[in-house]
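Along the sequence shown, residues are numbered consecutively beginning with 1.
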Amino acid sequence: MDKQVNVHAAKTHLSRLLEEVLLGEEVVIARGGKPVARLVPVQEAPARRTPGTARGLVRMTDDFDAPLPKGVAEAFEL
């Protein structure tokens, strides 16, 4: 369950709240009892993609860009 604290408590206990976030807790900061912000752990950036790693895994037929059959093309024009 999320923990909710008011702005004053968040300013006063920021270090402790950050420790709780690092342990997996989500902290909601509220003003006047209404949530306005969430403290959550920073997610690491995904690994960089390397172009060409799927080379040879995808195959396109010779008629890939041929016109669609009439019934299929009409269904897209609705």
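Note that CD of E77 is 9.5 Å distant from CG of L68, once rounded to the nearest 0.5 Å. Rounding to the nearest 0.5 angstrom, the gap separating the CG atom in L14 from the CD1 atom in I29 is 7.5 Å.
Within the structure, the salt bridge (charged side-chain N to carboxylate O under 4.0 Å, His left out) test picks out the following pairs touching residues 29-41 (sequence neighbours left out): E26-R38. Residue pairs that meet the salt bridge (charged side-chain N to carboxylate O under 4.0 Å, His left out) test with at least one member in residues 4-23, sequence neighbours left out, are K3-E20, R16-E20.
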Could you go through residues 48-63 and list every donor-acceptor pair under 3.5 Å that involves a side-chain atom there, pairing it with any protein atom two or more places apart or in another chain?
from, atom 1, to, atom 2, distance (Å)
T53, OG1, T50, O, 3.4
T61, OG1, D63, OD1, 2.6

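The heavy-atom pair separating V21 from V40 by the smallest distance is CG1-C, 3.5 Å.
Residues forming a side chain to side chain contact (heavy atoms under 4.5 Å, CB included) with P35 (at least two apart in sequence, or on another chain): Q4, V28. Qualifying side chain to side chain contact (heavy atoms under 4.5 Å, CB included) partners for A9, counting only residues two or more places apart in sequence or in other chains: V5, N6, H13. With sequence neighbours excluded, no residue satisfies side chain to side chain contact (heavy atoms under 4.5 Å, CB included) with L23.
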